[in-house]
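Just so it is clear, the values below take in all heavy atoms, side chains as well, and ignore hydrogens, waters and symmetry mates.
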Amino acid sequence: MRFRYAIFDMDGTLLDSIPYWDRLVPEFLEQLGIQNAEGLNDQMSAMSIQEACIWLKDMFSLNETAEEITRKLCEKIGRNYAEDIQLKPGVKEWLFYLKEQGVHMCLATASSAELGRPALERNGILSCFDFLVDCGMAGAGKTSPAVYHLAAERFGASVEDCVVVEDALFALKTAKKAGFLTIGVYEKSEPDQEEVRYFSDRYVKHYDELMGILD
C-alpha cells in the first residue's frame with residue numbers, strides 16, 4: 001500500500017475513548033431524570049456531535065437548546081480528554097514511523113477537533129498532524145465523505161493519494177465508496193468486524209501490523 005497523505009479518525013482509532021463516549025449521554029440524561037437510555041449511542045454513532053445534540057433535544061423534548069446541550073456534553077467529555085483518555089496500543093510508534101517516511105497526516109473527527117487536542121498533546125502525538133478538522137467544520141457527519149474531502153483539499157491532495165484510517169464500519173464504507181484507500185482498525189465496540197474487513201484495503205487488530213507498510 002502506497003500513500004502520501006493519511007487522514008485519521010480520532011475516537012476508537014487513535015484514542016481509547018469509546019467507553020467515555022458510551023457513558024456520556026446516558027449519564028447526562030439520567031441527571032435530567034430520563035432513564036433507560038441504552039442503545040442511544042448506536043443511533044448517534046454516525047452523527048457529528050452537533051447533529052447528535054439536535055437529535056437528543058428533539059427525541060426527549062429537552063428544554064435546553066441544542067447549543068446548550070452541546071456545551072454541557074463537551075465540558076464533561078473535555079475533562080476526560082484533558083486528564084484520562086489514552087492512546088490505543090502502538091499508535092505513537094506508527095505515527096512517528098509515518099512521519100519519518102514523509103507522510104503528511106491530519107485528524108478528521110466526528111466529535112470536536114479542539115476537544116481532542118489536549119489528549120493528543122498529552123499523549124505526545126499532536127506534532128504528527130499538519131492540521132485537525134471535524135465534521136462540524138465540514139457540515140456533515142461521516143455518512144457523508146465531506147470531512148474526508150475537506151481534509152484532502154487542505155492537503156492539496158487527490159483522493160487517490162490519501163488513506164483514511166477508521167474503526168467504524170459506517171465511516172469506512174463512506175471513505176471507500178468515495179474512492180479513498182482505507183485502513184480498518186479493530187475496535188471492540190464495533191460489532192461487525194467482517195464488514196469492517198470487507199471495506200478495508202488493509203485491516204489490522206494492532207498497529208504493530210502496520211509497521212514497515214511503506215518500506
Side-chain angles (χ1 to χ4, degrees), residues 1-22 41-42 44-48 85-99 101 103-111 113 116 119-120 123 125 128-129 132-135 138 140-152 155 157-215:
M1 180 181 285
R2 304 298 299 179
F3 52 87
R4 296 172 56 199
Y5 304 92
I7 302 168
F8 284 90
D9 173 54
M10 181 171 69
D11 298 300
T13 299
L14 297 177
L15 298 178
D16 193 12
S17 51
I18 300 300
Y20 296 90
W21 281 102
D22 284 348
N41 292 317
D42 291 338
M44 295 186 297
S45 62
M47 304 178 192
S48 69
I85 293 171
Q86 302 296 316
L87 299 177
K88 297 186 82 168
V91 163
K92 190 171 186 178
E93 293 81 2
W94 194 55
L95 292 182
F96 278 93
Y97 161 76
L98 292 181
K99 191 173 182 180
Q101 296 293 315
V103 174
H104 291 276
M105 293 174 275
C106 77
L107 191 80
T109 176
S111 53
L120 303 176
N123 284 288
I125 62 169
C128 293
F129 301 109
L132 313 179
V133 294
D134 58 45
C135 288
K142 287 185 176 178
T143 53
S144 161
V147 74
Y148 306 127
H149 286 305
L150 175 62
F155 279 135
S158 66
V159 167
E160 293 77 14
D161 282 337
C162 299
V163 66
V164 170
V165 187
E166 285 274 3
D167 66 293
L169 173 58
F170 70 89
L172 285 161
K173 278 186 182 180
T174 298
K176 185 66 176 172
K177 290 179 179 179
F180 291 88
L181 289 170
T182 54
I183 294 176
V185 177
Y186 173 77
E187 162 54 46
K188 59 183 177 291
S189 65
E190 174 55 67
D192 198 341
Q193 290 300 312
E194 284 307 308
E195 281 282 283
V196 168
R197 189 186 298 270
Y198 179 79
F199 286 99
S200 302
D201 292 298
R202 182 75 177 267
Y203 170 83
V204 296
K205 289 196 170 181
H206 194 283
Y207 279 93
D208 284 354
E209 299 169 53
L210 293 170
M211 294 301 291
I213 193 173
L214 297 174
D215 292 349

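- We find the CG-CG distance between Leu107 and Leu120 to be 6.0 Å, quoted to the nearest 0.5 Å.
- Looking only at atom types and distance, the side chain of Glu209 has no donor-acceptor partner in the side chain of Tyr203 under 3.5 Å away.
- The minimum heavy-atom distance between Ala178 and Pro145, with the atom names listed, is CB-CB, 3.7 Å.
- Counting all heavy atoms, side chain and backbone alike, Asp134 lies closest to Ala113 at OD2-N, 3.0 Å.
- Of the possible donor and acceptor atoms, one in the side chain of Trp94 sits under 3.5 Å from a partner among the backbone N and O of Leu210.
- Expressed to the nearest 0.5 Å, how far CG of Leu172 lies from OH of Tyr198 amounts to 13.0 Å.
- Side-chain contact check for Phe129 versus Leu95: some heavy-atom pair is nearer than 4.5 Å.
- Smallest separation of non-hydrogen atoms from Thr182 and Ala175: CG2-CB, 3.9 Å.
- Leu169 places a side-chain heavy atom less than 4.5 Å from the side chain of Phe199.
- The minimum heavy-atom distance linking Ile18 with Gly12 is given by the pair CG1-CA, 3.7 Å.
- Between Val103 and Leu214, the closest side-chain pair of non-hydrogen atoms falls below 4.5 Å.
- A 4.5 Å side-chain heavy-atom check between Phe180 and Val163 finds every atom pair outside the cut-off.
- Here the side chains of Cys106 and Leu132 are not in contact, with every heavy-atom distance at 4.5 Å or above.
- In this structure the side chain of Val91 never reaches within 4.5 angstrom of the side chain of Phe8, judged on heavy atoms.
- To the nearest 0.5 Å, atom CG of residue Asp22 and atom OH of residue Tyr20 are 12.0 Å apart.
- The minimum heavy-atom distance linking Ala151 with Val133 is given by the pair CB-CG2, 4.3 Å.
- Rounding to the nearest 0.5 Å places CD1 of Ile183 at 10.5 Å from OG1 of Thr13.
- Listed by first and then second residue, the salt bridge (Lys or Arg N to Asp or Glu O under 4.0 Å) pairs involving residues 163-184 are Lys142-Glu166, Lys176-Asp201 (not counting sequence neighbours).
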Take Ser111 and Asp11, measure what side-chain hydrogen bond (donor to acceptor under 3.5 Å, both in side chains) needs, and give me the verdict at the end.
-> CA-CA 8 Å; Ser111 53; Asp11 298 300; 3.0 Å; yes

Could you walk me through whether Phe155 and Leu150 pass side chain to side chain contact (heavy atoms under 4.5 Å, CB included), step by step?
-> CA-CA 9 Å; Phe155 279 135; Leu150 175 62; over 6 Å; no

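- A donor-acceptor pair is defined here as one N or O able to donate and one able to accept, closer than 3.5 Å; no such pair exists between the side chain of Asp161 and the backbone of Ala157.
- Once rounded to the nearest 0.5 Å, the distance linking NZ of Lys92 with CD1 of Ile125 reads 8.5 Å.
- Side-chain contact between Leu181 and Tyr5 is absent, with no heavy-atom pair separated by less than 4.5 Å.
- Every residue two or more places apart in sequence or in another chain that forms a side chain to side chain donor-acceptor pair (under 3.5 Å) with His104 is listed here: Asp130.
- Annotation: the span from Met105 atom CE to Cys128 atom SG amounts to 4.5 Å, rounded to 0.5 Å.
- Without hydrogens or angle criteria, Ser144 side chain to Ala140 main chain gives no donor-acceptor distance under 3.5 Å.
- A 4.5 Å side-chain heavy-atom check between Tyr207 and Leu14 finds at least one atom pair inside the cut-off.
- Taking each heavy atom of Ile7 and Ala152 in turn, the nearest pair found is CD1-N, 4.3 Å.
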Mind running side chain to side chain contact (heavy atoms under 4.5 Å, CB included) on Leu87 and Asp16 for me, showing each step along the way?
-> CA-CA 6 Å; Leu87 299 177; Asp16 193 12; over 6 Å; no

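- Taking the charged nitrogens against the carboxylate oxygens, Glu187 and Lys88 do have a contact shorter than 4.0 Å, which makes a salt bridge.
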